[in-house]
Number of protein chains: 2
Amino acid sequence: MTARTSGSAPAGPGRRDTRQRRLLRDQLSRQEAFVSAQQMYDDLRASGDRVGLATVYRTLQAMTEAGELDVLRSDDGEVLYRQCGPQHHHHLVCRACGVTVEVDGPAVERWATTAAAEHGFTEVTHVVELFGLCATCSRPS
Amino acid sequence: MTARTSGSAPAGPGRRDTRQRRLLRDQLSRQEAFVSAQQMYDDLRASGDRVGLATVYRTLQAMTEAGELDVLRSDDGEVLYRQCGPQHHHHLVCRACGVTVEVDGPAVERWATTAAAEHGFTEVTHVVELFGLCATCSRPS
DNA sequence: CTATTGTTGAGAACGATTCTCGTTACAAGG
DNA sequence: CCTTGTAACGAGAATCGTTCTCAACAATAG
Ligand SMILES: [Zn+2]
Ligand SMILES: [Zn+2]
Ligand SMILES: [Zn+2]
Ligand SMILES: [Zn+2]
């Protein structure tokens with residue numbers, strides 16, 4: 001007999017606790033900066049832990065869909081991930097070191113909503129990110 | 001004799017008037033929506049004009065560096081181009097058909113500047129785009 | 001413990017973009 | 001016009017991030 005009989009947790013995909021997922025979660029919670037899948041893969045492997053590249057990609061995507069990670073795209077097209085706070089916010093990212101500050105902008109939210117409405121657009125989302133050099137990376141050599 | 005003798009226009013790269021560039025410029029000025037290099041390539045070829053894919057990429061990049069085009073990245077990572085007005089503005093883009101409205105947001109500009117300054121960031125740029133469904137694409141079947 | 005089935009990972013496949021390099025064709029000169 | 005120097009082209013190979021395939025593995029419920 002295989003069928004789920006009743007009342008317990010819906011035993012679908014994405015809920016097993018594996019060594020690989022633990023490693024990725026841990027590394028993400030230690031990360032201040034936005035990082036790419038490739039970077040996570042290299043970092044893990046550098047610290048002696050073996051995790052398949054495909055698994056890194058899969059897990060990061062899954063965590064993103066589960067709302068546990070924020071995503072953004074670097075200038076050269078790489079997808080970057082970061083564990084952020086739960087409330088809606090935007091990012092101030094250092095172009096040099098990746099360090100990120102979460103910022104909120106009520107004014108921006110309002111503007112986005114009204115601007116979209118004025119033009120008859122529906123189901124509107126917004127992408128709002130700031131890029132610059134953090135205080136540390138701003139300093140001369 | 002080859003050398004530029006004097007006072008005329010600096011005859012560097014990027015200034016020859018070729019059939020390919022005319023075609024691309026024309027198509028862009030007729031386009032209301034953001035489009036990818038691949039799309040431009042397909043469209044040209046569909047109307048019987050032959051332009052190499054590499055040329056499409058090169059020309060779009062060159063025009064962008066020359067400030068003649070705006071760029072943004074679609075959700076799935078493709079780079080999209082559009083001929084826009086010269087002043088600083090942001091975009092309200094239809095996810096379905098690509099139709100784009102240029103919008104400005106003084107409030108956003110101010111917010112970006114102050115938020116970055118508050119955290120000691122320098123050389124700050126911002127990415128602010130709105131995505132949704134335009135009035136036409138919002139209508140049911 | 002055993003069966004079930006979600007997970008993993010090596011490597012192939014993909015798709016957008018970039019590079020190579022021999023050929024073509026602007027556009028100044030003469 | 002015709003000659004030249006060289007910017008621009010373009011077909012195909014090469015990159016590179018990401019996704020797919022599928023056989024081997026390992027969490028878990030019973
Ligand atoms: Zn965040
Ligand atoms: Zn920094
Ligand atoms: Zn624009
Ligand atoms: Zn539309």
Side-chain angles (χ1 to χ4, degrees), chain A residues 1-25 27 34-45 48-66 69 71-81 98, chain B residues 1-25 27 34-45 48-66 69 71-81 98:
Chain A
M1 169 60 115
T2 298
R4 259 156 273 109
T5 38
S6 68
S8 55
R15 54 203 78 236
R16 281 191 189 170
D17 184 32
T18 68
R19 175 181 65 85
Q20 293 83 337
R21 288 177 189 177
R22 272 191 300 275
L23 284 169
L24 283 166
R25 267 200 304 276
Q27 188 166 331
F34 268 93
V35 292
S36 69
Q38 307 271 356
Q39 276 173 65
M40 298 234 76
Y41 175 74
D42 292 343
D43 291 355
L44 283 175
R45 145 164 309 224
D49 303 306
R50 284 301 146 97
V51 176
L53 184 56
T55 301
V56 175
Y57 274 99
R58 272 188 302 240
T59 305
L60 291 175
Q61 277 173 204
M63 292 180 73
T64 300
E65 276 162 31
L69 298 181
V71 192
L72 64 78
R73 230 173 243 279
S74 74
D75 273 341
D76 50 305
E78 259 186 325
V79 178
L80 307 178
Y81 300 88
Chain B
M1 172 54 121
T2 300
R4 263 156 271 111
T5 38
S6 67
S8 54
R15 53 202 78 237
R16 280 192 189 172
D17 184 32
T18 68
R19 176 181 64 85
Q20 292 83 338
R21 289 177 187 175
R22 272 190 299 275
L23 284 168
L24 284 166
R25 267 201 303 278
Q27 189 167 330
F34 268 93
V35 291
S36 70
Q38 305 272 357
Q39 276 172 64
M40 298 233 74
Y41 176 73
D42 292 343
D43 291 354
L44 283 175
R45 148 165 305 227
D49 302 306
R50 284 300 146 98
V51 176
L53 183 56
T55 299
V56 175
Y57 275 98
R58 272 190 302 240
T59 304
L60 291 175
Q61 278 173 205
M63 291 180 74
T64 300
E65 277 161 31
L69 298 181
V71 191
L72 63 78
R73 233 174 240 278
S74 73
D75 273 342
D76 51 305
E78 260 186 324
V79 178
L80 307 180
Y81 301 88

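Values below: every heavy atom of this structure, side chains too, minus hydrogens, waters and symmetry copies. A, B, ... follow the sequence lines: proteins, then strands. Residue 1 opens every chain.
The base of dG9(C) is paired with the side chain of Arg58(A) by a donor and an acceptor separated by under 3.5 Å.
When the P atom of dT7(C) is taken as reference, atom CE of Met63(A) falls 14 Å away, rounded to whole Å. Asp42(B) has its CG atom 13 Å from the P atom of dG15(C), to the nearest Å. The separation between Gln39(B) atom CD and dT17(C) atom C1' is 15 Å, rounded to whole Å. Spacing between atom CG of Asp17(B) and atom P of dT24(C) amounts to 21 Å, rounded to whole angstrom units. Regarding Arg22(A), its CZ atom lies at a distance of 13 Å from the C1' atom of dT7(C), rounded to whole Å. Between the CD atom of Glu78(A) and the P atom of dT19(D) there is a distance of 12 Å, rounded to whole Å. We find that CG of Leu53(B) is positioned 10 Å from P of dA16(C), with the value rounded to whole Å. What separates CG of Leu24(A) from C1' of dG9(C) is a distance of 13 Å, to the nearest Å.
Close to dG10(D), at under 4.0 Å from its OP1 or OP2, lies a side-chain N or O of Arg19(B). For the pair Arg21(A) and dT7(C), the criterion of a side-chain N or O lying under 4.0 Å from OP1 or OP2 is met. For Ser36(A), no side-chain nitrogen or oxygen approaches OP1 or OP2 of dG17(D) to under 4.0 Å. Taking side-chain N and O atoms only, Thr59(B) has no distance below 4.0 Å to OP1 or OP2 of dA8(D). In this model, the phosphate group of dA26(D) is not approached by any side-chain N or O of Gln20(A) to a distance below 4.0 Å at OP1 or OP2. Listed pair Tyr57(A) / dT18(D) meets the phosphate criterion, a side-chain N or O lying under 4.0 Å from OP1 or OP2. The phosphate of dT18(D) (OP1 or OP2) has no side-chain N or O of Gln61(A) nearer than 4.0 angstrom. Put simply, Thr18(B) has no side-chain N or O that comes within less than 4.0 Å of OP1 or OP2 on dC26(C).
As judged by a 4.0 angstrom heavy-atom cut-off over every strand, Gln38(B) is placed among the base-contacting residues.
Tyr41(B) and Gly52(B) get closest at one heavy-atom pair: CE1-C, 4.1 Å. Residues Arg73(A) and Ser74(B) approach most closely at NE-O, 4.4 Å, considering heavy atoms.
Closest to the side chain of Arg16(B), from the set dA25(C), dG17(D), dA27(D), is dA25(C). In this structure, of dT28(D), dT17(C), dC19(C), it is dT17(C) that holds the atom nearest to the side chain of Ala37(B).
Distance check: Leu24(B) CG to Arg19(B) CZ gives 10.0 Å after rounding to the nearest 0.5 Å.
Gln61(A) has its side chain within reach of Tyr81(A): a pair of non-hydrogen atoms, C-beta onward, lies under 4.5 Å apart.
In summary, of the residues considered (Val51(B), Val56(B), Leu23(B), Leu53(B)), a side chain to side chain contact (heavy atoms under 4.5 Å, CB included) with Met40(B) occurs for Val56(B) alone.
Between Tyr41(A) and Val79(B), the one whose closest nucleotide on DNA chain C sits nearer the 5' end is Tyr41(A).
A salt bridge links Arg25(A) and Asp17(A); the closest N-O separation between the charged side-chain nitrogens and carboxylate oxygens is under 4.0 Å.
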